[in-house]
There are 2 protein chains.
Amino acid sequence: MAIEKKIDCVILGLLSHEDLTGYEIKKRMDTFLKYFWGASYGSIYPALSDLVKRGLAGKRDGAENNRRKIIYSITEEGRSYLKEWLRIPVEKDELRYETLLKLFFGNEAGVLQAISHIDAFEEKIKSELPYLIGAADTLKNHIEMDDTHKYYLLTVEFGIKTYRAYLEWCKEAKAMLEKE
Amino acid sequence: MAIEKKIDCVILGLLSHEDLTGYEIKKRMDTFLKYFWGASYGSIYPALSDLVKRGLAGKRDGAENNRRKIIYSITEEGRSYLKEWLRIPVEKDELRYETLLKLFFGNEAGVLQAISHIDAFEEKIKSELPYLIGAADTLKNHIEMDDTHKYYLLTVEFGIKTYRAYLEWCKEAKAMLEKE
DNA sequence: TGACGAATGTATCAGTTTGATATATATTTA
DNA sequence: TAAATATATATCAAACTGATACATTCGTCA
């Protein structure tokens, strides 16, 4: 049972908590996983069909009124597959920060442009940080209710810690660039 | 002059500093850019051919002895293209941390596995941090020599700041998981 | 000296994923 | 009631990765 595509693992992970439609899976990713993972419809829907074909997920019709809806659930085989993936070591963690890339080549464009990219980055982080802090508070209040919350909180705390480090860096980086 | 592929911009950025072969471009990425960007040969070589075709880069034969070697350089058009990309706002910064993904679904696998993933992450960061600190020291000593060093230093400082935040988080996360 | 592994160098390809788009219906808002 | 937004599935070209193939040269240890 070799683990291949990450998209399969993420979907199974989400399905291990609750039954979901493809649309809902995308939604969960865009909220809960947003800060460290992402996936597009172009990978989600084909992966769902494939998971069903391989017996790792089941599908059922959940249509209401005229709205078609396919609800997916994890099978026992799917749960084993997920557990196996969770067991094996992490293959790759990666950062793809265009901001840092533009900064690296900053000499070509000059100090002012570099600062404006840092400003934009800082604004984005500042605007997202309160959401993370809010999520952490909510999770802390519900930590006894459900063990999964403990793990969500861990990832949110990661976000908060790194975001605060980013903000410190923004300040220092701008100070360094302005020092002339 | 719409900007399309990121790989073109990274290559032009590297070529804006010095003439390079495809192999050397890959090398530069794997050392200087490693902590916030990456690219494979499968994107580099086709992109180089394409850049030449579009007049953004020039190529010349640099063979020595029996070793074939194609040296690429940036053209004036290439430099304009790079400058335009550096000018426009950053489209996307993204984190893809498999460690956090596995942690998010940690409830399925249990505390011990979660801790072992954090341990592995911590080890990796601890082993890479001295390299970043060394690079920062070297850059600080040469900062007067070359203006580009100032921008390199910025990205290295980003790495150091975030790595230290990661290590703090590792400690706290493990403490939280062990508290039972 | 010679053998063997590591580094230099170019190149391609199957498979994975993104980003955009198409289509259709339901719900909310003005 | 019209328009905008949300729910829902689906596909596709284009981008990119990871692996691999191939050839040569350099370094080093015996």
Side-chain angles (χ1 to χ4, degrees), chain A residues 2-11 14 19-31 33-34 36-54 57 59-72 85 90-96 98 101, chain B residues 2-11 14 19-31 33-34 36-54 57 59-72 85 90-96 98 101:
Chain A
I3 308 290
E4 314 238 342
K5 292 187 292 171
K6 296 283 175 279
I7 184 68
D8 296 338
C9 305
V10 192
I11 290 176
L14 289 170
D19 293 358
L20 295 165
T21 67
Y23 183 78
E24 287 166 336
I25 286 169
K26 173 79 169 132
K27 265 297 184 71
R28 296 288 182 285
M29 289 189 186
D30 290 347
T31 50
L33 310 185
K34 192 185 168 193
F36 56 89
W37 206 266
S40 64
Y41 286 125
S43 64
I44 293 169
Y45 281 107
L48 280 168
S49 301
D50 196 48
L51 286 170
V52 172
K53 219 176 285 169
R54 288 150 68 202
K59 68 191 267 190
R60 66 173 189 275
D61 191 65
E64 288 154 27
N65 308 328
N66 281 321
R67 156 113 355 116
R68 64 188 289 223
K69 198 169 171 172
I70 305 165
I71 301 169
Y72 293 88
W85 174 69
V90 166
E91 277 176 18
K92 210 176 93 182
D93 284 322
E94 95 185 295
L95 210 58
R96 269 184 108 83
E98 214 183 302
L101 201 53
Chain B
I3 308 291
E4 314 238 342
K5 293 187 292 170
K6 296 282 174 281
I7 184 69
D8 295 339
C9 305
V10 192
I11 291 175
L14 288 170
D19 293 358
L20 294 166
T21 67
Y23 182 79
E24 287 166 336
I25 286 170
K26 173 75 169 137
K27 264 298 183 71
R28 296 287 183 284
M29 289 189 185
D30 290 348
T31 49
L33 309 185
K34 191 185 168 193
F36 56 90
W37 206 264
S40 63
Y41 286 125
S43 63
I44 294 169
Y45 282 107
L48 281 168
S49 300
D50 195 49
L51 286 170
V52 172
K53 220 175 285 168
R54 288 149 69 202
K59 67 191 265 189
R60 67 174 189 276
D61 191 66
E64 287 153 25
N65 310 328
N66 280 321
R67 154 108 3 111
R68 63 188 288 225
K69 200 169 170 173
I70 306 166
I71 301 170
Y72 293 88
W85 174 68
V90 166
E91 277 177 16
K92 211 176 92 182
D93 284 322
E94 95 184 296
L95 209 60
R96 267 184 110 84
E98 214 184 301
L101 201 54

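Quantities reported herein were computed from a predicted structural model and do not represent experimental measurements. Here is the naming used below: chain letters follow the sequence lines, and residue numbers restart at 1 for every chain.
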*Testing Thr21(A), Asp19(A), Val52(A) for side-chain contact (heavy atoms from CB on, under 4.5 Å) with Tyr72(A), which one passes?*
Val52(A)
*Would you tell me if any nitrogen or oxygen in the side chain of Ser43(B) comes within less than 4.0 Å of OP1 or OP2 on dA15(D)?*
no
_Candidate nucleotides dG9(C), dT12(C), dT9(D), ranked by approach to the side chain of Tyr41(A) - the nearest_ = dT9(D)
*Select one nucleotide: of dG9(C), dT18(C), dA8(D), the one nearest the side-chain heavy atoms of Arg96(B).*
dT18(C)
*Name the nucleic acid region contacted by Thr21(B), choosing base, sugar-phosphate or nothing; use a 4.0 angstrom heavy-atom cut-off, strictly under.*
sugar-phosphate
*asked:* Using a heavy-atom cut-off of 4.0 Å across all strands, would you classify Ser40(B) as base, sugar-phosphate, or nothing?
replied: base
_By nearest atom, which of the nucleotides dG9(C), dA8(D), dT18(C) is closest to the Glu24(B) side chain?_
dG9(C)
*Can you tell which of dG18(D), dT17(C), dT25(D) lies closest to the side chain of Arg67(B)?*
dT25(D)
_Could you tell me how far apart Ile44(B) (CD1) and dT20(D) (C1') are, to the nearest whole angstrom?_
16 Å
*Rounded distance in Å - CD1 (Ile11(A)) to P (dT16(C))*: 13 Å
*Under 4.0 Å between any heavy atoms, over every strand shown, what does Gly22(A) touch: base, sugar-phosphate, or nothing? Just pick one.*
sugar-phosphate
*Measure from CG on Leu48(B) to C1' on dT12(C) and round the result to the nearest Å.*
15 Å
*Side chain of Tyr72(A) only, please: which of dA10(D), dT10(C), dT16(C) is the nearest?*
dA10(D)
*Write down the distance between CG (Asp93(A)) and P (dT17(D)), rounded to a whole number of angstrom.*
16 Å
*Of all the choices, dT12(C), dT8(C), dT11(D), which nucleotide is nearest to the side chain of Tyr45(A) once you look at every atom?*
dT11(D)
_Just the rounded figure in Å: distance from C1' of dG9(C) to CG of Leu20(B)._
13 Å
*Just compare dA8(D), dT17(D), dT9(D) and give me whichever is closest to any side-chain atom of Lys92(A).*
dT17(D)
*Answer yes or no: is there a donor N or O on one side and an acceptor on the other, between the side chain of Lys26(A) and the main chain of Ala39(A), under 3.5 Å?*
yes
*asked:* Tell me which one of Leu48(B), Ile70(B), Ile71(B), Leu14(B) satisfies side-chain contact (heavy atoms from CB on, under 4.5 Å) with Leu20(B).
replied: Leu14(B)
*Nearest-nucleotide comparison on DNA chain C, the residue closer to the 5′ end among Ala39(A) and Ile70(B)*: Ile70(B)
*Of the nucleotides dA11(C), dT17(C), dG9(C), which one has an atom closest to the side chain of Tyr23(B)?*
dG9(C)
*Are any non-hydrogen side-chain atoms of Asp50(B) and Lys5(B) less than 4.5 angstrom apart?*
yes
*Can you check whether Gly38(A)'s main-chain N or O pairs, donor with acceptor, with Arg96(B)'s side chain at less than 3.5 Å?*
yes
_Shortest side-chain distance from Lys27(B), nucleotide among dT8(C), dC16(D), dA10(D)_ = dT8(C)
*Tell me: CD of Glu91(A) to P of dT17(D), nearest whole Å?*
15 Å
*Kindly say if Arg68(B) contacts the phosphate of dC22(D), meaning a side-chain N or O under 4.0 Å from OP1 or OP2.*
no
*Where do Lys6(B) and Trp37(B) come nearest, in terms of heavy atoms and distance?*
CB-CZ2, 3.9 Å
*Calculate the interatomic distance between Lys6(B) atom NZ and dG19(C) atom P; express it in whole Å.*
9 Å
*Roughly, in whole Å, what's the span from NZ in Lys69(B) to P in dA7(C)?*
17 Å
